[in-house]
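See structure below.
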Amino acid sequence: MVEGRRLPLSNLEKVLYPATGFTKGEVLHYYATVAGVLLPHLRDRAVSFLRYPDGPDGQVFFTKNVPPGTPDWVTTAEVPRVEGPSRMVLVQDLPSLMWAANLVTEFHTHQWLVGTPEEADRIVFDLDPGAPASIVQCCEVALWLRERLAADGIEAYAKTSGSKGLHLLAAVRGASSERVSEYAKALAVEAEKTMPRLALHRMTRNLRPGKVFVDWSQNAARKTTATPYTLRARPEPTVSAPVTWEEVEECGSPGRLDFHATDIAARVQDYGDLLAPLLDPDSAGRLP
């Protein structure tokens, strides 16, 4: 039972991350432990599930519509999509989180709330390094973007992608996803002009090596981004973890910003939720 909801959990001994022996039971324990900081970032956002029920080496697939067998107590909402409205899951509480975690999934969310799909409440930059560049170079680009956003009155926060890169997030208001996308693209272009040896605003394959792709496209209304604190379907149980700007400034090697499920409880105890300001409507900036 989870908060009065009967929840059948299955295959708890199953190893999902063979590189470390991390089991499904440990995945569920992780989500129960971080629920206090994760749920506010999921609440009122339609969730796309990136499922990996047999681990990252098995089949990995997106589930956007409400999965068959979803309990009737899990909140769902009709969401506008290009191909017509569809019903998606909202993870509003601990029982819903544990039910979803039992599916074995990454959590991905839009930059808008289901009640106001016409207005974006977040802007995101996905900084993706092309080898031999790493998260170290992403940090350099992130620091420039932080200053550039601040010049427009927008305060940015950072989290690891849980893979190779870094995500920059800020709370915004009063603009559509289309307008936010235009603004984000303009900043990505400006970043490339300012740091031509480091930053790239286009996903052109032959230009990628050694540079950081500033992916602004995830601001499109149809796109989703890995939710803060989600586990990732990687060889090891890495997490998309919020980081301090001091950690970004001091990142001299990729391992400095590589966080696993077992690292997060202590970080939350030390820092609280570093992305909590994103949840405060009064802190949201307006696009120029």
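- Remark: the Thr76 side chain and the Arg87 side chain contain an N/O donor-acceptor pair separated by less than 3.5 Å.
- Remark: side-chain polar atoms of Lys24 are paired, donor with acceptor, to backbone N or O of Ser10 under 3.5 angstrom.
- Here the side chain of Lys164 pairs no donor or acceptor atom with the backbone of Gly130 at under 3.5 angstrom.
- In summary, the side chains of Glu155 and Ser283 do not present any donor paired with an acceptor at a separation below 3.5 Å, with no hydrogens or angles considered.
- A donor-acceptor pair under 3.5 Å is absent between the side-chain atoms of Glu236 and the main chain of Ala19, judged by distance alone.
- Residues passing the side chain to side chain donor-acceptor pair (under 3.5 Å) test with Ser217 are Asp215, Lys223, sequence neighbours excluded.
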Val91 vs Trp99, side-chain contact (heavy atoms from CB on, under 4.5 Å): CA-CA, chis, key distance, verdict
CA-CA 9 Å; Val91 177; Trp99 162 78; 5.7 Å; no
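- Exactly one residue among Thr224, Thr230, Val47 makes a side chain to side chain contact (heavy atoms under 4.5 Å, CB included) with Thr109. That residue is Val47.
- Checked against a 6.0 Å centroid threshold, the rings of His260 and Phe22 do not count as neighbours.
- Clustering of Ile, Leu, Val, Met, Phe, Trp and Tyr side chains at separations under 4.5 Å places Leu278 together with Val124, Tyr157, Leu169, Leu275.
- A donor-acceptor pair is defined here as one N or O able to donate and one able to accept, closer than 3.5 Å; such a pair exists between the side chain of Asp280 and the backbone of Asp282.
- Here the side chain of Trp112 pairs a donor or acceptor atom with the backbone of Ala221 at under 3.5 angstrom.
- With respect to Arg202 and Glu192, a salt bridge is recorded, a charged nitrogen being found less than 4.0 Å from a carboxylate O.
- Ring geometry, Tyr229 versus His41: the interplanar angle falls from 30° to 60°, so the pair is classed tilted.
- Using a 4.5 Å cut-off on side-chain heavy atoms (C-beta onward), Tyr183 and Leu149 make contact.
- Glu26 places a side-chain N or O within 3.5 Å of a backbone atom of Thr23 that can act as its donor or acceptor partner.
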Test log, rule side-chain contact (heavy atoms from CB on, under 4.5 Å), inputs Leu198 and Trp144
CA-CA 11 Å; Leu198 191 60; Trp144 182 88; over 6 Å; no
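- Looking only at distances, no side-chain donor or acceptor of Arg5 sits under 3.5 Å from a matching main-chain atom of Pro95.
- Here Leu166 contributes atom CG and Phe125 contributes atom CZ; the two are 12.5 Å apart, rounded to the nearest 0.5 Å.
- Distance alone, capped at 3.5 Å, is enough to place a donor-acceptor pair between the Glu119 side chain and the Gly174 backbone.
- A side-chain donor-acceptor contact under 3.5 Å links Gln92 to the backbone of Asp44.
- A donor-acceptor pair under 3.5 Å is formed between the side chain of Thr227 and the backbone N or O of Phe107.
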